[in-house]
Every structure is written in structure tokens, then in C-alpha cells.
Amino acid sequence: MKMIIAYIQPEKLSDVKQALYAAEVFKLSVTNALGCGQQKGYTETYRGVDIEVNLLKKVRLEIAVNDDYVQPTINAIVKGARTGSIGDGKILVMPLEQTIRIRTGETGAVAIG
Amino acid sequence: MKMIIAYIQPEKLSDVKQALYAAEVFKLSVTNALGCGQQKGYTETYRGVDIEVNLLKKVRLEIAVNDDYVQPTINAIVKGARTGSIGDGKILVMPLEQTIRIRTGETGAVAIG
Amino acid sequence: MKMIIAYIQPEKLSDVKQALYAAEVFKLSVTNALGCGQQKGYTETYRGVDIEVNLLKKVRLEIAVNDDYVQPTINAIVKGARTGSIGDGKILVMPLEQTIRIRTGETGAVAIG
Amino acid sequence: MSAKIPLLALLVVLGLSVPAGAQEAPEPGLAEVAETLQDNMNILWTCVAAFMVFFMQAGFAMVETGFTRAKNAVNILMKNAMDFSVGTLAFFFVGFGLMFGLNDSGWVGTDLFALRGQEGGTWIWTFLIFQTVFAATAATIVSGAMAERTKFVSYLVYSVFITLLIYPIFGSWAWGNLLLGDNKAWLADLGFLDFAGSTVVHSIGGWLALAGALVLGPRLGKYGPDGRPRAIMGHSLPLAALGVFILWFGWFGFNPGSTTVAGGDMGYIAVTTNLAAAAGAVVSMIVAWIIFKKPDASMTLNGALAGLVAITAGCDGVSAIGAAVIGGMGGVLVVLSVSFIDRVLKVDDPVGAVSVHGVCGAWGTLAVGLFNTESGLFYGGGLGQLGIQALGVGAGFLWAFGLGLVLFYVIKKTIGLRVSADEELRGLDVGEHGMEAYNGFQVFTTT
Amino acid sequence: MSAKIPLLALLVVLGLSVPAGAQEAPEPGLAEVAETLQDNMNILWTCVAAFMVFFMQAGFAMVETGFTRAKNAVNILMKNAMDFSVGTLAFFFVGFGLMFGLNDSGWVGTDLFALRGQEGGTWIWTFLIFQTVFAATAATIVSGAMAERTKFVSYLVYSVFITLLIYPIFGSWAWGNLLLGDNKAWLADLGFLDFAGSTVVHSIGGWLALAGALVLGPRLGKYGPDGRPRAIMGHSLPLAALGVFILWFGWFGFNPGSTTVAGGDMGYIAVTTNLAAAAGAVVSMIVAWIIFKKPDASMTLNGALAGLVAITAGCDGVSAIGAAVIGGMGGVLVVLSVSFIDRVLKVDDPVGAVSVHGVCGAWGTLAVGLFNTESGLFYGGGLGQLGIQALGVGAGFLWAFGLGLVLFYVIKKTIGLRVSADEELRGLDVGEHGMEAYNGFQVFTTT
Amino acid sequence: MSAKIPLLALLVVLGLSVPAGAQEAPEPGLAEVAETLQDNMNILWTCVAAFMVFFMQAGFAMVETGFTRAKNAVNILMKNAMDFSVGTLAFFFVGFGLMFGLNDSGWVGTDLFALRGQEGGTWIWTFLIFQTVFAATAATIVSGAMAERTKFVSYLVYSVFITLLIYPIFGSWAWGNLLLGDNKAWLADLGFLDFAGSTVVHSIGGWLALAGALVLGPRLGKYGPDGRPRAIMGHSLPLAALGVFILWFGWFGFNPGSTTVAGGDMGYIAVTTNLAAAAGAVVSMIVAWIIFKKPDASMTLNGALAGLVAITAGCDGVSAIGAAVIGGMGGVLVVLSVSFIDRVLKVDDPVGAVSVHGVCGAWGTLAVGLFNTESGLFYGGGLGQLGIQALGVGAGFLWAFGLGLVLFYVIKKTIGLRVSADEELRGLDVGEHGMEAYNGFQVFTTT
Ligand SMILES: Nc1ncnc2c1ncn2[C@@H]1O[C@H](COP(=O)(O)OP(=O)(O)O)[C@@H](O)[C@H]1O
Ligand SMILES: Nc1ncnc2c1ncn2[C@@H]1O[C@H](COP(=O)(O)OP(=O)(O)O)[C@@H](O)[C@H]1O
Ligand SMILES: Nc1ncnc2c1ncn2[C@@H]1O[C@H](COP(=O)(O)OP(=O)(O)O)[C@@H](O)[C@H]1O
């Protein structure tokens, strides 16, 4: 099992969700994050003083999937999030050793979906 | 060492914390998240237009523990969060290679607690 | 590749960011979290009723790096965040198997930076 | 402007009805002209005061919203908006007549429903708008005490009854002769003094709130298994503070406006009102500081309101120093009362409405019997006034709390008073109104 | 106070100009004194009413901010602050003269620009401040309908034009004879009745808003590929509700203030205004409840405003019951109109300004032809008044919507009307003003 | 209403004291009746104006809360609530007497403490409430400049002193003869003109704010190691904007109310006030746009206030165009001053109180010497008036800034002025009041 973490542009969330549904990935968690990457920031000014804003608003997805779902999931995220311009985001894949569904106590592959 | 990630219903947080204390797990981190799982969403309406809300409010726990604490921690979370109804949440266990306590620079098992 | 997660005091964020830049770590993600560690909480009172606040505001950093960057990154975080007093925070290192840059589809080491 | 103005023109300027065959009409005398001018001035002031009291609705809405959780904000706002709207209609068609209509019994008015046949009048309509906003004030007090768990439709039903029956009938006992001077009004006829409504408006609302909160039961998680109260913090102190400032502002219409006469004592009443509010805020902060070790903002805000409620009955008849003392005592009472209701009675009143309006309203009414410079005990007036005040306070409690218990119990048994536990946990905004108050914000709903 | 006061002193007390050689001056007569007192009273009330109407700017700002997204809050606030500020200057230097200056044609005023030579006067300045806040009300209506996508500088240009030309010229047709009684004003001369401006202020603003939203196009993501409307929720219902309470409060200056006479019918007009607002809120809630299965808070809030807009034209001439009916109908119309514009016309009006001000303003103006107790159809007045009202409504639509299309189209083709898609996604606060409204808060910007 | 009214009745209607043996009492003459009516009207207007000025407290609270960080919101709200409450009491018992009591020296009043023996009066109480809210305005200005780092208890001590001593004594120099016409008042006797208090209220508050911010030092993180200022953004622009609208509204009580006479110039003063505010907002936006490349919302909001402060001294005596110029200049000054204080003086004033109230107050006072249509330099009045104005401005600065330095320094050395660095980082809400302003919301506290 793998844990897939993806950072995407906030406004892309609904597209990504649709792409994931199409790939039959229904379960995921979303948090919002501030990100600093290749994408350049912008300057705000407040009462005449400049502020370098280099932490940009991003949405963070966390998706636990079985191994055979890894590639489809990645493809779906890319499909939904890519615009080709800087800031599109990043996908990170990490090993996942165990999953437990709290309600039933089921574990492993069955618990994931 | 393992990293235990758990998604629970927000209102269950205090119960889970108590269960964890009982299991002598004192250190954890909490963030709030939006989750999409088996639990069905609900529809809001705004000015006459429907909105399918399928991202539900969840609380995300992150707990780094030594191996011998993994099972007790999982049990405690289940104990605190289970209601038996859909939406109870999920526990995910991942490998953790290193821990450093910033204050002292201690690393590994001692740094975790 | 490793995933480095760090919990630090909120007010230390800018120092840590500077230290990371100095170590040529430019990409990171930030979320805010509530943390419960050795640091004692404090009591609030509301309308005469006490509240034990034991979840303190923390900032969570997530940094994906190549193996040779792990130590420099850790050092930078410690350098920026340490005050020597309880609550300084913690760094957690986890294995990272894959990275994909959404924009280009690049994967692995090149995608990380 | 020429010194010579045809008298007809003058009559028109002053809005006097021009008598038929005006040519032969007698010239209006100084007395008539003067009275007309003063009447216009009184209409002006009474209207402006009414508008300021209306604005208190915004104050209540902000206080109650700020002192409750974000997940129930839309619901509490809707309740505030609707109890005023529903109340306006109910009071116009029925309540006003019961309160101020022809009243030979002293117990209830019998005409003036929907002000039929009064189209020509000017004062009576001014009086109606002024009394409407007072009625709505009593009504809206309750929403705060019943916040975060009451079914929306049940609240609507309640708010019809209070403005239709409960408030106006009691009102007729104390104020029933304000419009028609020959009306009987048993409490007023006994000499009961409640100038601007510490009892008539605030205690009535406060005791109804107590009944409601009692029948309803506490919010989930308010009391631990051991029965110890838990704090459920409001989600926006800035909104709550704004609300208190708005209420304080509106009170300058509430008290000085109750003269319904421009000039004269307006300024004096404004001073007593303001001193009492200030003293209430300062004293409550100090008391809270001593007891809880911190200057609790929510208590201090309640303290200002406590001072205002307390001085409402006596604002016209006590000395400035007396006003400060009355307000300060209100500040003490509200802190103790909030804790008492919370810990001992274990009644869950999220915003402290019972303490502020019920308890301090009673205190303020009694205080007239002590501080009134003519009939008060401390000014050699003996116990007479105090006794009558106590009678009025008691009558108000029995009437409002008693009827409240019945009303809420009947609602509970019929359409139901409380939302489901599940809905309460997720928040009434989603459950009752299908929307969130703060879309886009990440709000913890762990409590 | 001695009964003997030297007459000169009296003259001064009343602010009368002391004639030269005052010693021989004739004693001021009762008529003169009475008129002076009433004049002072009228100045007092008209000023206070103007201040209350000014405060409606805060109401509009809060409603529009609350009903839009957090990422555009600074921008909408700036637009509200600036349309008033720019409008104040434009109306003072030009608009007021076009609307109330000497007018022989009945189509436009020709003097009084910047009130030159009026320094001595008292009433005219009172009248100016009152009319200024009315003009600014019309101007600020538009910002809501064009929210979240309009370039800031383009909006500034628009707001100059409306207060400089569009509003005052139409105003001169209906109200051009309010200051100078001998002025021609073609609509007024026909007998068109719009007491406080359902058409003159609200519809004009509403139709301009329609033109603007139309030329501008919907917000990104408002309509799905299939053309079905998507909900874009406002970010703060509490601010929106506060705004509605403020507007309701201000309307008590707007309608009763339009008498510009203290006393008399003030109270009556306050009652009709309040009944209409309450009925609008209640009815719109019920209608929304039936159609959408939930008591939608945003619709209910719009409903109160709909009732207020609808009664504005007839508040002085309809019965109290009539007022409630007119307001209630407004509550029905606003719900249907919002859905119609959203789903059928597919015009994106984030706050419902077109429905509230345009549609309900038109309804309220027509309603005078039905409910006016003297000339209304339902009171045996026949179709005459209704026809004239319809004419005024039509003229208002053609003038405002027509000119609006031209104005916004020209702006679009020159400086551009809309921000870039990229800026719209990130939010206008950062793009236009380089700052965020809620620094420190985590706000989802996924829509 | 019959044309014949017994004269006694009339006397009562007008609230005149009925002379003993009234039967033989002389009929009240026209002059007496007229004056009584005008007096009532003046009481009415002065009270309403006072209520509007009171409401400015809500405006200040919202502006200061919005322009500071969420973690200090409860604290700033408490400071605003308490400086008014404490100030009300201090001014009633002592301040009012020092300012308006019997004054033979021209330097300080000596009676009327707690208005003893004035129970019967009407005007004096009206005057008291009006002056109380003015005093509180001066007091509350300071909280903004000292926000986010001042100990709560120390702030309470300060706010006693300003309303007890600092404000009233200076006030007695410029306004000491307003109540008792025979009083000496050295500045006023020299011909110093400050109609509604650009100096007396605003500059005094502003210079105290400067002293406080100076003694206190900047917030942690405000200046980088290199000494370059860092931006610390406010947490809620919507609240700040609401606050400015409320202040603008309240200013219509502040300036036109300072006539304390109903009718007459009220309207004119409202116009000059409004033009100056609008010009201030527009000009400051433009200046900020040019300098910072963006129309900065916080600067524009400050600009409106700058215009209001600047016109306060001269609102009654300058031309409408002059008012716009004075306000516009205020808009320029505030932007430059904020940057100057921030970058050059390196004094940390989170809300710009010193620039808005201190600097623009001084400018507005001097502007009277330039623009006053009778004595101003630009109207051929020569340099005399300007010199006297400059003297008043200088006296105000020396008095307020000087005493302020002493006061805050003494506080610093005794009870301490500033919270611990640790508390400052975590926020004063938790540290001082043990609660959070936005419970449930995720707020970044990284700065
Ligand atoms: N090495 C990293 N560690 C943690 N987060 C990262 C890393 N690289 C990118 N991210 C996240 O992904 C977001 C987008 O990355 P960015 O480099 O801007 O996109 P692109 O690769 O298209 O230039 C960043 O804002 C950040 O939140
Ligand atoms: N595969 C997954 N990946 C990421 N998050 C998940 C996954 N499955 C569940 N979750 C999180 O756990 C929460 C509860 O899961 P859910 O399936 O609704 O509970 P249950 O398993 O009892 O039906 C979800 O809302 C989501 O936040
Ligand atoms: N075992 C853990 N699991 C998850 N989070 C932790 C763990 N230990 C510490 N943290 C996070 O780090 C923060 C700081 O840890 P803390 O123990 O207070 O610092 P210190 O180690 O200096 O005492 C905590 O508030 C919590 O958010």
C-alpha cells in the first residue's frame, strides 16, 4: 500500500476530484497548505511597506491506495491538475504499512477503499 | 518507529485524546482536514442552487511512536473514535526512520516521547 | 529520497525559512497544526469556567529532499528553530519513494527540487 | 422671509387641519401653535428613539452570534431577524391592541387591533412604531439563551406568542394607560414604577429565556459526566463587542426615548443611563478579575448590559450617583448570576441572557424602591414603593416564567423543541438552513 | 428664565437675521416665529435622516462583502468607500445642479452647481446633504452585482458617471421641483408618484447593475460547461446580516426622512416601512422554504430589503395593511427573480442587487398605482395613476439600462472592465490592492 | 384639538415651571414660549448628536481591531470598552468640573464636580453627556497606537488620567467658557478657533498616542535587524472598514452637533464635513496609488478619517470648496506622515493614530487660519488668526506630548507598561484575558 501526497493549485481541486472519481479513487483527504516552490511569489504592500509573499496557497491531498492503484491515481491527479505552467504542483509517494478502518476494525487492503 | 495518521470525526477528538493519555501516549499533532470516504455527503443550498458537499470535516492526528507503542496507540484511537457508524474514520501506519528533538538534538527512540 | 516533517513554534517560521534558504533548500510546504508535547499547556477561562488548553499552536513543515540533503535540512531547521526551551519542536524523517512534478511529469531526484 | 404670513399658510406649515370656511376661522392662538410645535418635536424624537431601539436588534444579533459557535451562526442570525419580523406583524395585528387598547379591567386592552380607523392620526402611529421595537426587544432576548440547539420552526412559534400575548398583556398591567390616559392598568394604578422597562421588557424576556433554556436542556458537552460545567467558547469576540456597543447606543433611544417628549429630561436620563452602563462594565470586570484571576471580556461586556438593564426602570427618578450604584450592583449581580446559573442551577444559557435581562431587570426594578429620590427607601420614602416594586417583579416572574414553561413544554410535546443530537454536533446552520456562515474558512468543530 | 426677553435676543435665538436699524424693526409676529421654529425642526430632522441614510453605505458594504468571497473582500469594501467619496464630489459640483437647479424644460437643471452664492442659506445645504446620500445610495447598488471580477479603476469611472449624470438627470424628471417649486419636471408634472425613490434611486441603481453584470459576464466557475448555475457562497453571513440590519435602520431615515418635515406623518411612514420590511422577510423565507426545502438565510435577508425597496415609493400614501401586502409581494418577487436571473437570464449577480433594487423597485412604483388610498386602482382611482407609474418605471428602465449598456460597453472597449482570469482566480484583493482581507486566517480559495 | 388651551396646560406642555399662585401668573409671552421651544429642540439635537458621537466608540474599536492581529483582538476590544467606561466616571466626578466649572484664571475650572446641586437642570445634563463622549473620544485614540503590546492594567491607569486631567485642563483653555459664558479661557479669549476639536480632542489624543508609542517601543518583529520596517498586517479589513463607516457616521454628530443648536447651520456643517471626508479618502487613495503602485485600502480608510479630523476645527467657518481642500490636504498628509513615522521616526503606530489625529488635527487647526472666510489668510484676514491657531496647536502639543511622556514613563517605571516578550508572541488575548477572539478558527500566529 502507498500513501500519495499531492500539492495542487487550490482552484484545481474540483478537476482533480473528478479525475480521481473517473479512476475510481473515491477516498481522499484534503487540507490547505502554504507552499514554496519554483513558482515565484508576489509582493503585497501594507501601509506603504512591501511584503514578499513566497508562501503561496496550495491544496494538499492525501490518498492511501493499494499498490495497483498507485499509477492510476498519479495519472488522474496529473490529468486534473496540469496546466503546464509553474505552480502546478507535486506528487509524493510514500510507503504505507498498515490501514485500519475504525468502524469495523478491518485492516489492510480491504480497509483502504 | 512508526508514524500513525488517523482521521476521526471532529467531535471525537477529546475522547480520543483521553484514550491516548490512558495508553500513555502524550505527544501528538492535530490538524483539521476535509475528507471524502464511504460516508455520504449532504447537500447545501445557497440562493436556490444546490451544492453537493462531499468533503466532510475531519480531524487528522499525527502520532510518532516507537514500535512497541504502535498497537496500544491504534487500540486507543479505535476505542476513543468508534461509534460503529460510517464516518468513524481511518488509521494509517507508516514507517518512520528518524526523530530529532530540536531543543536537545536528541535523536531516535528517546526523542519521540 | 526522504520526507522531512518538522513541528516548530509559529513565530520561528521565518527564521527557519531563512536557515533553509541558506542551506539551499527552497521548496517546502507549511500547514498550521495543534500540538501536544512536553510543553505544558495553559488555562484559559471563559465566563468563569476553566479550560485546559493542552493543544498548542504549532507550524508543520513538510520538505521532500534527496538523501544528500537530509542532514543539511535537519541542521538548518534546528538552527532556525532552537531556543533551548521546551516547545522548540520535533523533526521526523520518513522514507519517500517517488516524486512527480505535475507540470512536466518529471520524476525522482530531478522532480524534487 | 416676510414677517407677514397668511394664517392659512401658517396652519399648513404646522400641519394643522384647516377648518372648513377657513376664512372665518379663528386665528390660532399662541397656546395652540406652541402645542403643535411641541407635538411635532415629540413625534420627531419618539421616532428617532424608536429607530435607535430598532437598531438594538443588530446588537442582539451580533452579541448572540459572537458568543456562540461558528457552526450555528446562520441559525442565530435567522432567529434574530425572524423574531423581529414575525413580532412586528403579530404586535401590529393583535399585541398593540391588547397592551394599549381601551382597557376598563386593568388587565387587558380590547381594541385598536391593527389600528383600524386611526389612519388620520399622527401620534398614535409614532407610538406604535416605538412600542413595536420595544416588544421586539423582549422577544429577541430569548434566542440567546436557547441558542445552538433549538429547532428553527419551534422558535418561530414561540416568537409569535410572546409578541402576540405574553409581552402585551403584562405590558397592559404596567403601561396600559400610556396611550389612553383613562385606561385602567392595575400595576400602574398601584404606583408601580418601571420607566423604560427593566421588568416590562427585560425581565419578561429574561424569565421566558430561563423557562426556555430549562425545558430545552443544556447543549451537548456543556456538562461533563461528573456534572461539572464545561466552557463552550463563542466564536467571535469582535462581533460580540460590536453588538454591545450597538446595544449601548440603542439604549440612548430606549431610556431617554421613553419620555416620548423632546427636550426636558432627555439629557439627564442619558447621563444616568450612561453612568450605570459604565459602572456595570467596570465593576463586573473587577469582580471577574478577582474571582477568575483574569479580566474576562465576555463578563465585562455582559456587565455593561447589566448596568443598562438595571437602570432602565429608574433612569428618570434616581440621582446620578444612585444610577452609578445601581449599574455597579448590576455588574456584581451578573457575574455571580452567570456562575450560579451555570454551576448550581445547571441551566445552559450561552450568552447570559437570563442573568443580564432577568436578574438585573428585577434588581433594577427593585432599586427604584430604594433609590427613587421621591419615594425610595434611601430617601425617606419608606417601604411602600419598594413593596409595590417587589409586587411588580413577582408578577412579572410568575407571568413570564409560568407561561414560558407551559408554552415551551407544549411546543416540545408537539412539534418538538430541540434538534437531533447529530444535527447539533454538525451545527444547526447545515441542518436547519443548509448553508455555512463562514464559507472558505477552516473552522474546527471539535466542540 | 425671565418672561421678558428683548426681542432682538429672541430674533437671535431663532437665528433670524436681525434687520438693519433693528430698533425700529417690527416685532416678529407669531406666524414668523412659528415658521422659524418649524424650519429649524425640519433642518434637524432632515439632517438626522441624511446621516441615517449615509450609514446605509456601511450596510451595503457589509452585505456585499458578506455575500462574496473572502479573497475579494478588500476590493468590494474599497468600491463601496470610493463610490460614496467620488460620488459626493461629483454630485456636489455637477449632479445636484442638474437635478435641482433652475429647470424650465422639465428635462434637466441648469444652475446651483457647487451651490455657488448660497453660502448664507441654511435649508439648501441641508437639502444638499440629504440628496447627496440618496445619490450615493443609487451608485453603491451596482458594486454588488459586478462584484468579484470588475477592475477597480473601471468601477471608479462608472461611479463618477452615475452621480454626475445618470442619476441626477432622471432625478430631475421626477423630483426636479422639490427645491425650486416653480421648476418643470416632466414626470412629476404628469402626476408620477415616487415618494422616497423606489424608481428614482433603487430601480435606477438596479437597472444599471443589470447592464453592468450583463456586459461584464459571469464569474469564472459560476456556470458549468452544461450552463447550469453553480453556487458561489458568500464568506460571511454574519457580516451580511449585520449589513441588512444597518440598511433597515437607515431606511427609517430614507422613507420618513423624505418628508423633510419634522412631525406629522413621520411615524406613520415609519410604520408602513417597517411592516413592509417584516412582511418581505417573512414571505421570502416561506417561499424559499417551499421551493428550496430550507429557510435560506441569504434569501430571507434579501427579502427584507425587497420589502423595503418596494414600499419606498408608496410609504406615505398606502394603508398599513397595503404596505404589508406590497412588502410581502416584494418578498415573493425577489426569490423568483433571483432564480430567474440566475438560471434563465444567466446573468451573474452575486448579491441579488438587480432583483432587490431593480425588480422590487419597479414593483413598488407600480404598486402605488394599485394601493394609493387616493388614486390607486384598488381604491377606485381607476387606471390613470397606474398608467403614469408604468410610464415612470419604463422611462427609468430605458434611461438607466440603456445608458448603462453604453457606458459599460465603452469602458470595456477602452480601459477594460474585467480583471484577468488569473487575477480573478487568486482574488482581486491581492491583484488590485496587494493585500488580503483576513491576514492570518486559513481561507480555502478552491472556488 | 381645541383652539382654547388653558395657559397652565401650555406651561406644562412646554415644561415650564408653573409659578406659585399660578392664577395670577402673567401669561407667558411669545418670546418666552419661543425660547422654550428652541431650548427643547437644542436639547434634542445635542442629545442625539451625543449618542452618535458615543457610537464612534464602536468605530474606533472596529478600526483598531481590524488593523491589528487576531491574537490581540480581545485585548484591544477590552481597552476600547474600558477607556470609555472608566473615562465616563472620571469625567463625571472630576474632569467636567475642571473643564467647564467656574473659571476665573482661564487655566482650570473649579466647581461642578459630579454636578452637585444641578439636579433640577436640563441643559447642563445634556451638555454633560455631550462633553463626556467627546472626552472619551480623545481617550480612545491612544489605544490604537499602543496596541498589541501594552499591559492592560497600565492602559487602565492611563485612561483615568487623560479624562481626569490631561484632556479637561487643556479643554478649559479653549472651551472653558462654553457653559458659563463669563468664564475665562485663555486660548479662547485670544481668539483661538477650534469649533469641534481638531486640537482639543484629536491632536491631544494623537500627541498622547505618540508619547505612548515612543515610551513603549515597537512591537517585536516590527523592525528588522537592519532597522527596516516590516509590515504587520491587520487581521480584518472588513471590520476596519466598518469601523471607518461608523466613525464617518458619528462625525455627523461630532461636527454639526457642536453647534448645540438645532436648525441653522447644521446642514452646512454636515456638508463641509462630508466633503472633507470624501476628499480625504479620494486624495489619499491617489497618493498611495502613486507612491506604492497600488490603491492601498488601509491608507484610503485612514484618508477618510484624516479629512474628517482636519475639517473638525473649521467645519463651521470655511467655504465648501475650502472644506474639500482642507480634507484633501489631510489625505496627502496622512499618507506621508504614516510613512515618515514608520520609516524615519521608527515609532510603531499600528493603526496610524498619530498621523490621523495628531498631525491632521494640527493641520486642520492651522487651516482655520488660512481658510476661515472671515479671518483667514486666504480671505484677507492677514496672519493674526493663523498665529493664534499656531499658538493653540503648539500649546496642545507641549501639554499633551509632554505630560504623556511623563505619565507613560512613570507607569513604565512603576507597574510597567509592556507585556513580556513571550506573552506578546503568543498574543495578549491569552496572556491578559485568558481567552481567544476567534475560537474554532485556524489562525496563523507566525507573526
Ligand atoms: N520538495 C518539496 N517539498 C515539499 N513540498 C514541495 C516540494 N516541492 C514542491 N512542493 C509543493 O508543491 C508546490 C508546487 O511546487 P512548484 O515547484 O511550485 O511547482 P512546479 O514544480 O510546477 O514549479 C509548492 O508550492 C509546494 O507546496
Ligand atoms: N484511502 C484514503 N485515503 C485518504 N484518506 C482516507 C482514505 N479513506 C478514508 N480516509 C479519511 O478517513 C475519513 C473517514 O473515512 P470513511 O470511509 O468515511 O469512514 P468509514 O471507513 O467508517 O466509512 C474520510 O473522510 C477521509 O478523510
Ligand atoms: N511523538 C510525536 N508525535 C507527533 N507530534 C509530536 C510528537 N512529539 C512532538 N510532536 C510535535 O512537536 C511539538 C513540540 O514537541 P514538544 O515535545 O513540546 O517539544 P520538546 O520536545 O522541545 O518538549 C508538539 O507540540 C507536537 O506538535
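Every chain is numbered from 1, with letters handed out A, B, ... down the list of sequences. What you are looking at is a predicted structure, and each value in this text was computed from that prediction instead of being measured.
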Heavy-atom closest contact ([X] atom, [Y] atom, distance):
X	Y	result
E/M266	D/C47	CE-CB, 3.5 Å
D/L37	E/A34	CD2-O, 3.9 Å
E/A278	D/L89	CB-CG, 4.4 Å
D/L239	E/P238	CD1-CB, 3.8 Å
D/F51	E/A270	CE2-CB, 3.7 Å
D/G431	E/K294	O-NZ, 2.6 Å

So for [X], is it side chain, backbone, both, or neither that comes closer than 4.5 Å to the heavy atoms of chain E?
X	value
D/L115	neither
D/M82	side chain
D/I76	neither
D/F127	neither
D/A61	side chain
D/F130	neither
D/T132	side chain
D/Q118	neither
D/V48	side chain
D/I124	neither

Inter-residue atom distance [X].[atom1] - [Y].[atom2], 0.5 Å rounding:
X	Y	atom1	atom2	value
E/L237	D/E436	CG	CD	10.0 Å
D/M78	E/M285	CE	CE	6.0 Å
E/F245	D/M62	CZ	CE	7.0 Å
E/W45	D/N40	CH2	CG	13.0 Å
D/Y438	E/H235	OH	NE2	9.0 Å
D/F441	E/F441	CZ	CZ	6.5 Å

Any heavy-atom pair between the side chains of [Y] and [X] that's under 4.5 Å?
X	Y	value
E/I321	D/F92	yes
E/D296	D/H433	no
E/F252	D/F55	no
D/L242	E/L242	yes

Using heavy-atom distances under 4.5 Å, tell me whether E/T300 contacts chain D through its side chain, its backbone, both, or neither.
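The answer is the side chain of E/T300.
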What part of E/L44 lies closer than 4.5 angstrom to a heavy atom of chain D: side chain, backbone, both or neither?
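Side chain of E/L44 only, per the 4.5 Å heavy-atom cut-off to chain D.
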Could you check which of D/I129, D/V74, D/V153, D/T126 has the highest count of heavy-atom pairs closer than 4.5 Å to chain E?
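Answer, by heavy-atom pair count under 4.5 Å with chain E: D/I129.
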Pairs of heavy atoms under 4.5 Å with chain E: top-ranked of D/F93, D/F152, D/W125:
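Looking at each option in turn, the highest pair count goes to D/W125.
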Using a cut-off of under 4.5 Å for heavy-atom pairs, which of E/D265, E/T373, E/L275 has the most such pairs with chain D?
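Looking at each of E/D265, E/T373, E/L275 in turn, E/L275 comes out on top.
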Parallel, tilted or perpendicular: rings of D/F54 and E/W248 (30°, 60°):
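The rings of E/W248 and D/F54 sit tilted, inter-plane angle from 30° to 60°.
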